[in-house]
Amino acid sequence: MAVYKVTVATGDMLEAGTNNSISITLVGSYGESLPPQGICPSPQKPFPPLQERSLSVHCGQDLGPIVLIRLHKWRLFLEDAWFCKDVRVTAPNGTLYRFPCYQWLEGVTTVEVREGSGRTHPILKEHRRRELATRQEAYRWKNYAQGWPRCLNVDSIFELDSNIQFSRIRANNFTGFLIFQGASHFLSGFLLRRTSWNSLDEMRTIFSRTQVPEYVAKHWQDDDFFGFQFLNGNNPIVIHRCTTLPLKFPVTPEMVAGSLGGGTDLGKELQEGRIFIVDYKVLEDIPTDTIYGRQQYIAAPLCLLHQGTDGLLRPIAIQLSQTPGPCSPIFLPSDDEWDWLLAKTWVRNADFYSHQLLTHLLRTHLFGEVFAVATLRHLPTCHPLFKLLMPHFHFTLHINTLARSVLINPGGLIDKGSGVTYEGLLLVVQRGLEQVTYTSLCLPDDIRHRGMSHVPNYHYRDDGMSLWEAIESFVTGIVTFYYGGDAAVSGDTELQAWVMDIFTNGFLGRTSSGVPSSLQTVAELIKFLTMVMFTCSAQHAAVNNGQYDLGAFVPNAPSSMRHPPPCEKGRAFLQHFLDTIPEVATTANILVALILLSSQLKDRRLLGQYPEEWFTEAEPRRLIRAFQGQLEEIRDRIEERNHLAELRYNYLNPLETENSISI
């Protein structure tokens, strides 16, 4: 007689326990335990959350190494789902086997869970095949829109598997927050006012007087702050060093001489690398919509900036279209105050679209979903890269499905609160995907490509590089532990299918993107995994967490413009400005979304937090602790810098950076 000691743990989330019947079967190399042994045998002995239950399984013979367990759940009357954390089995010889589970069992079901170390056995090959076949049936691709990355084939959050939905506590927090904010703005009367703001000061009454929005309201007109936001605002990836002016932007040395200071000229500043450009060509000829029956407008501006002797970036020329000419003047800091301010506000409006639809939606949310679905379809639970990556997809499929239902859908918040039509929104993202490159997704390469390596006060770059290097170090340790060399990478058929799925369904097979369709070396794998994890954590934090801070004061990030771009100078004045930016109700609608997207909901997991212990070996667990130590050092450096700063850049502080795209 062989006796196995079994300990089963229930998860700590709300309603994780069950009063349904639970039993277990052990599967070893030499046989399996029969019949299934009861863990929670009857409703009279429920299995509550946060508890462990131990039992002895008696077998007629030694089962050999335990490679698999089966958890059986059945009910007599009422359904009561159960969340199993893990199972630990101690063999008669003292060997401990760990089986990470971390999943819901619903209905009458049997779930097979592999031993956590990933050992090989003929039984396990068949289990691996069945698991992936089941997953590929459950997680199918669909086209959301022509030219977009493909997404999960569900139409609502209610179709999602329980294991990828919001937790109960997070779902309640999300819904309650949205209702509270909408009700607050409704009761305050903002959502009912379809008229222009009465003054610039009145716009400050709609947001809470927290530090950053107050700073923005005070400094939004300053050229210094305008330039600062291209480095450390919500969209810090669109600025490039400019060495030659494009023909479509005919700025002359005489135009900008007064902005450059004495002893230099435009040619010299271009040659010495102190001129920068932002080009919103992606917005050219995008169809516009009406809001409350009034036509809205959009521009595709170009903006030239100069790095002064004090190291600060300031705008020196703005053209509000891609076609120069008499109807597209180049606006300058020397122009009338309202002409210059209105031109800058048009750039901020263009940046709103660029940020929301491309930098935020496309390059984090949509790509994050592609990475998640491909992982579920091609990497079995026992695969080390599944264990590495899944924490970085926590809640991503839920939030993206929700976004397609209420945010980017026809009649959704973006459709109602911005100046582009729904078709225009689709077209911007389609154009954006056509321009995405692998270089632009890998931060070190992107910084070099844009010529931004030596610009001072670029906190996004500096903090982002610290996080990239920490993630890369962690990934390097994991990859080198599990892959003995390049041949192991190129020969991993599951890995190769995963990469090809991402290339095909995320980047639509576009080879010019430079995104790999296969990975042949350890170095290539490390870089690709670092990109995936950085995109789903740090990059999303950088472009998401400041939306309320920098967008609460509407002139700094207007979501729509109610007059066309000016064709001549000398026509702008305060009331025209107030009548151009969004009216009160549109401001309130957008602000509800920005507050929610920037909020810190309950049940969040910060970068480096891995409460689910998928890895059972000692070395990966040591690597996780080392990674957490690196993040603490980065946090300390950021907080030391911020301590003396008037405007803190905290969006890449590990204490503010979630592991995944979950909001």
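We use all heavy atoms of the structure for the numbers below, so side chains are in, but hydrogens, waters and symmetry mates are not. What you see is a predicted model, and the numbers here were worked out from it, not measured in a lab.
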Gap separating the CE atom of Met531 from the CG atom of Asp446, nearest 0.5 angstrom: 12.5 Å
For the student: nearest non-hydrogen atoms of Leu591 and Ala552, plus distance: CD1-CA, 3.5 Å
Distance-minimising heavy-atom pair for Pro516 and Phe503: O-CB, 3.7 Å
Matching residue for Phe534 among Phe367, Phe528, Trp468 - test: ring-ring contact (aromatic ring centres under 6.0 Å, His included): Trp468
Candidate pair Phe276 and Cys303, rule side-chain contact (heavy atoms from CB on, under 4.5 Å), full reasoning: CA-CA 8 Å; Phe276 300 84; Cys303 180; over 6 Å; no
Expected output: side-chain Ser328 to main-chain Gly325 donor-acceptor under 3.5 Å: no
Gln547 versus Asn544, side-chain donor and acceptor atoms under 3.5 Å: yes
Thr580-Trp346 side chain donor-acceptor pair, cut-off 3.5 Å: no
Between OG on residue Ser418 and CD1 on residue Ile408, distance to nearest 0.5 Å: 12.0 Å
Spatial distance of atom CD1 (Ile318) from atom NZ (Lys344) [nearest 0.5 Å]: 7.5 Å
Non-hydrogen side-chain atoms of Leu302 and Val278 separated by less than 4.5 Å: no
Step-by-step salt bridge (charged side-chain N to carboxylate O under 4.0 Å, His left out) determination, Arg204 to Glu214: CA-CA 8 Å; Arg204 301 171 74 162; Glu214 276 294 306; 2.7 Å; yes
Pair Asp310 + Arg314: basic N to acidic O under 4.0 Å: yes
Where Asp339 and Ala572 come nearest, the two heavy atoms and their spacing: OD1-CB, 3.4 Å
Whether His365 and His360 hold their rings parallel, tilted or perpendicular, with breakpoints at 30° and 60°: perpendicular
Side-chain donor-acceptor contact under 3.5 Å, Ser537 with Asn659: no
Over 12 non-hydrogen atoms of neighbours within 6.0 angstrom of NZ in Lys218: no
Heavy-atom check, side chain of Phe393 versus side chain of Ser660, under 4.5 Å: no
Side-chain ion pair, Glu656 and Arg635, N-O less than 4.0 Å: no
Aromatic ring proximity Tyr215/Phe225, centre distance under 6.0 Å: yes
Atom pair CZ (Phe207) and CG (Asp549), whose distance is rounded to the nearest 0.5 Å: 10.5 Å
ring-ring contact (aromatic ring centres under 6.0 Å, His included) assessment of Phe226 paired with Phe228: CA-CA 6 Å; Phe226 181 89; Phe228 173 87; over 10 Å; no
Whether over 12 other heavy atoms sit under 6.0 Å from His219 NE2: yes
Spacing of Ile663 atom CD1 and His398 atom NE2 [to the nearest 0.5 Å]: 9.5 Å
Main-chain N/O of Leu152 paired to Glu369 side chain as donor or acceptor, under 3.5 Å: yes
Min side-chain heavy-atom separation Met561-Ile298 under 4.5 Å: no
Parallel, tilted or perpendicular: ring planes of Trp220 versus Phe577, cut at 30 and 60 degrees: tilted
More than 12 heavy atoms of other groups within 6.0 Å of His454 NE2: no
Between Asn650 and Asn642: side-chain donor-acceptor atoms closer than 3.5 Å: yes
Donor on one side chain, acceptor on other, Gln322 and Asp279, under 3.5 Å: yes
Donor-acceptor contact below 3.5 Å, side chain Thr210 vs main chain Val212: no
Side-chain touch Pro213/Tyr548, heavy atoms, less than 4.5 angstrom: yes
Pairing of Lys569 and Asp335 as salt bridge, 4.0 angstrom limit: yes
Non-hydrogen side-chain atoms of Gln271 and Thr243 separated by less than 4.5 Å: no
Closest approach of Arg562 to Leu578 (non-hydrogen atoms, all atoms of both residues): NH2-O, 2.8 Å
Gln630-Glu469 side chain donor-acceptor pair, cut-off 3.5 Å: no
Flag side-chain contact, heavy atom, 4.5 Å: Ser662 against His394: no
Check: His392 and Leu607 side chains under 4.5 Å, non-hydrogen atoms: yes
Member of Val543, Ile237, Leu231 meeting the side chain to side chain contact (heavy atoms under 4.5 Å, CB included) criterion with Tyr460: Ile237
Donor on one side chain, acceptor on other, Glu202 and Thr205, under 3.5 Å: no
Residues Ser560 and Gln296: side-chain donor-acceptor under 3.5 angstrom: yes
Shortest non-hydrogen separation from Thr396 to Ile661 and the atoms involved: OG1-O, 2.8 Å
Test item: Arg404 and Cys151 side chains (from C-beta on) under 4.5 Å apart, heavy atoms: yes
Side-chain donor-acceptor contact under 3.5 Å, His540 with Glu658: no
Asp415 vs Asp289, side-chain contact (heavy atoms from CB on, under 4.5 Å): CA-CA, chis, key distance, verdict: CA-CA 9 Å; Asp415 193 22; Asp289 210 345; 3.7 Å; yes
Check against salt bridge (charged side-chain N to carboxylate O under 4.0 Å, His left out), Lys527 and Asp445: CA-CA 11 Å; Lys527 181 175 182 177; Asp445 298 342; 2.7 Å; yes
Arg431/Glu434 ion pair, N-O < 4.0 Å: no
Plane angle bin for Tyr144 and Tyr422 - parallel if under 30°, tilted between 30 and 60°, otherwise perpendicular: perpendicular
Donor-acceptor pair, side chain of Asn556 and main chain of Leu550, under 3.5 angstrom: yes
Rounded distance [0.5 Å steps], CG in Leu407 versus CD in Gln356: 8.0 Å
Glu272 atom CD: more than 12 heavy-atom contacts under 6.0 Å: yes
Asp351, Asn349, Leu320 screened by side chain to side chain contact (heavy atoms under 4.5 Å, CB included) with Tyr280, the one that passes: Asp351
Pair Asn235, Ser354: side-chain N/O donor-acceptor within cut-off below 3.5 Å: yes
Side chains of Arg461 and Ser453, donor plus acceptor under 3.5 Å: no
Least distance between heavy atoms, Gly147 atom then Leu433 atom: O-CD2, 3.2 Å
Ion pair check, Arg637 and Asp463, cut-off under 4.0 Å: no
